[in-house]
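Here is the structure we will look at.
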Amino acid sequence: MPEHPAHVAPRGPRRIAHVLVDSPLPQLDRLFDYVVPPELADEAAPGVRVKVPLRSAGRVIQGFIVALGEEADEERALSEIDTVVSAAAVLPDRLYRLARAVADRAAGSANDVLRLAVPRRMVRAEKAWLAQTTSASAEEAPMEASSLERARDILGEYPGLDDALEASGRVALDARPGVSGSVPAWASLLAAAAVARLARGESAVIAVPDHRDLARLEAALAELAPAESVVRLDAELPAQERYANYLRTLDEAPVIAIGNRSVVYAPVTRLGLLALWDDGDSLFDEPLAPYVHARDAALVRQSLEGGALVFCGHSRSSDVQRLVEIGFLTEPAPARRVTPKIVLGAPQDTPATGRIPSAAFRSAREAIASGPVLVQVARPGYAPTLVCGECRAPARCAHCGGPLFAPARGATPTCAWCARDARGWQCSQCEATTVRLASSGSERTADELGRAFAGVRVVVADGAHPVETVDGSPALVIATRGAEPVAEGGYRAVLLLDGDRMLQAPDLRIGESCLRWWSNAAALAAPGAPVHLVAVTGPVARALATWSQPAYARGELLERAPLKMPPAVRIARIEGDAPQVDEALVRLGADAPRLAPDAVIGPVPAPEVSGRKRARALVRFEYALGPAVAASLRASVVAAAVSSRARRVRGPAEPGRSRPPANTLSVRLDVADPEL
DNA sequence: AGCACGCCGACT
DNA sequence: GTCGGCGTGCTC
């Protein structure tokens, strides 16, 4: 029994709150302990927002109580919690653990992950939620027996899938091509999987790349799931609704949460299914720190919370294929293989009009009598690139040197950078004054085909003019890749036009991307409708023609392994003040001695920031070394942030100019384009 | 980020 | 003998 001085009243153990403070500083990315004062004891529960004193960032800072504890009174000096912001427990323990694990994997801060997961607080929505949870909580939405039966029918197309899902399996699922009504088959499949989990009282989370896919998934769920159980979580929602929906996922009653990349963090209760549609889409690549791809976040989450994990697509990303090959994912096969009818243009097939071979043209002409025909092109606009009419050099803006394009038929060339029109243009190479259209955009294709198919309705769909669906009546639908509308009953013919141009992009993954774009467009065809891939030969064309996307992904992986390119290995990029980059590499050598001798590329000089010499390096590492590499790089980031007095050197040098990054060392894991 | 602590030069 | 420069380190 410890002695107490007479003037201090002996007290029992005190309540302690472990608090995650909301600060961007990497050195504060850990839990801080505070005393819970007796008057806050009722409200200070795990998950609530609090304000706490911290010797920085003003006097008080926002944070979340992550957990509570007790300890003897006199062990150490602690500050008290200042305020409980609201009694709403909006950060459940499972979400904190997920954020922590995802941040650790990416050498980032838990706060940065939580910023993606927890929408901005809206007091009105929060009050409504608090009132509702206390009165009518945990009421389960009734599920119609016929819906569940339909869901089971759909899942039955893949013998073994239901078992795999029940056993919290992890699967790579090749979606059946086709549409029923205006709903693509993939959307019905994922909706059915979600409904099957919901029927067992478990939640589902489904992430899709963009809002058009979200609308399709929503349509599929409308046919199968109780409306009260489907919760949209995406950035397009009004702030109040978004926060209300977030709070809804915290309820005891299971939900189907759908949205774009960050929905993978939705903190639903009893996660039974976590699914990604079309994981090869670059929209799943998170552009905010710590830059974690939704696929990786999903992998981390499934390892923590269990439940089934599904990567579904018409094509196979090399990343998912890697997981298949190491035995992490299984591939449930469909009972009946359904493939679109792909027609590769014969080399001797001469174009009847413009860039369309005669066979494809005939095919379109026959099909258009009975319904819509899809024409996929690479780029929007009229003529996206212009060249000199004489010497064929790219036409450049006289003012800024930017590339010129033609906004419409016969229009004056315009600069793509500065938007000036190039009246009186003259070639800088040969002084000619005429330009030539070097490429066709969707508008020009629509123009040309509209004349060839006189009297037919023409629909143009691209990023700027999105079209969700078209009906089943005859129409020419010209769409840029990725923007294809769904046609009711499927397209009667599909023409994939600019394949050769698309394949030429200087991108490590261009083959994979093209196969994805083409497969997704082909999947919109009606059963038996011809899909013409024009002017492309080689492995990607063969993979499409034989509908063997997994085999193509496998080939990609085999090619990249000896080159040490992702996803065969992981790659980290380190950038910062030259001495700190050097220091980080030294530390890495000590922390991860099993790194290959050629793991580090660089460092090379990077552009100076306010007069400081900067450097950049890449590190290639095996997946097994991930934890060691991430921890080491994180330690370097913290060390650099703590010791950095660089910003003081800056002083009065530049008044209002853009300030250099707060951290003098920045680290990014799993870079998509491994360029120094 | 901010703010306190601490160890050398100029001061009433 | 004291005030205050900013370099260094930490934040419950």
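Values reported hereafter were calculated over all heavy atoms of this structure, with side chains retained and with hydrogens, waters and symmetry mates removed. Every chain is numbered from 1, with letters handed out A, B, ... down the list of sequences.
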Nucleotide of C/dC10, B/dA1, C/dC12 approaching A/Gln27 most closely (side-chain heavy atoms):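 The nucleotide sitting nearest to the side chain is B/dA1.
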A/Asp285 and A/His293 side chains, donor-acceptor separation under 3.5 Å: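 Short answer, no.
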Closest approach of A/Val50 to A/Val19 (non-hydrogen atoms, all atoms of both residues):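 What the structure gives for the nearest pair is CG2-CG1, 4.1 Å.
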A/Lys564 bridged to A/Asp598 by N-O distance under 4.0 Å: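 A salt bridge links A/Lys564 with A/Asp598.
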Rounded to whole angstroms, how far apart are [atom1] on [X] and [atom2] on [N]?
| X | N | atom1 | atom2 | answer |
| --- | --- | --- | --- | --- |
| A/Asp29 | C/dC12 | CG | P | 16 Å |
| A/Phe64 | C/dC12 | CZ | C1' | 18 Å |
| A/Asp33 | C/dT11 | CG | C1' | 13 Å |
| A/Ile61 | B/dA1 | CD1 | P | 13 Å |
| A/Leu54 | B/dG2 | CG | C1' | 10 Å |
| A/Leu78 | C/dC12 | CG | P | 9 Å |
| A/Leu25 | B/dA1 | CG | C1' | 5 Å |
| A/Arg76 | C/dT11 | CZ | C1' | 14 Å |

Minimum side-chain heavy-atom gap A/Leu309-A/Phe311 below 4.5 Å: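 Yes, their side chains come closer than 4.5 Å.
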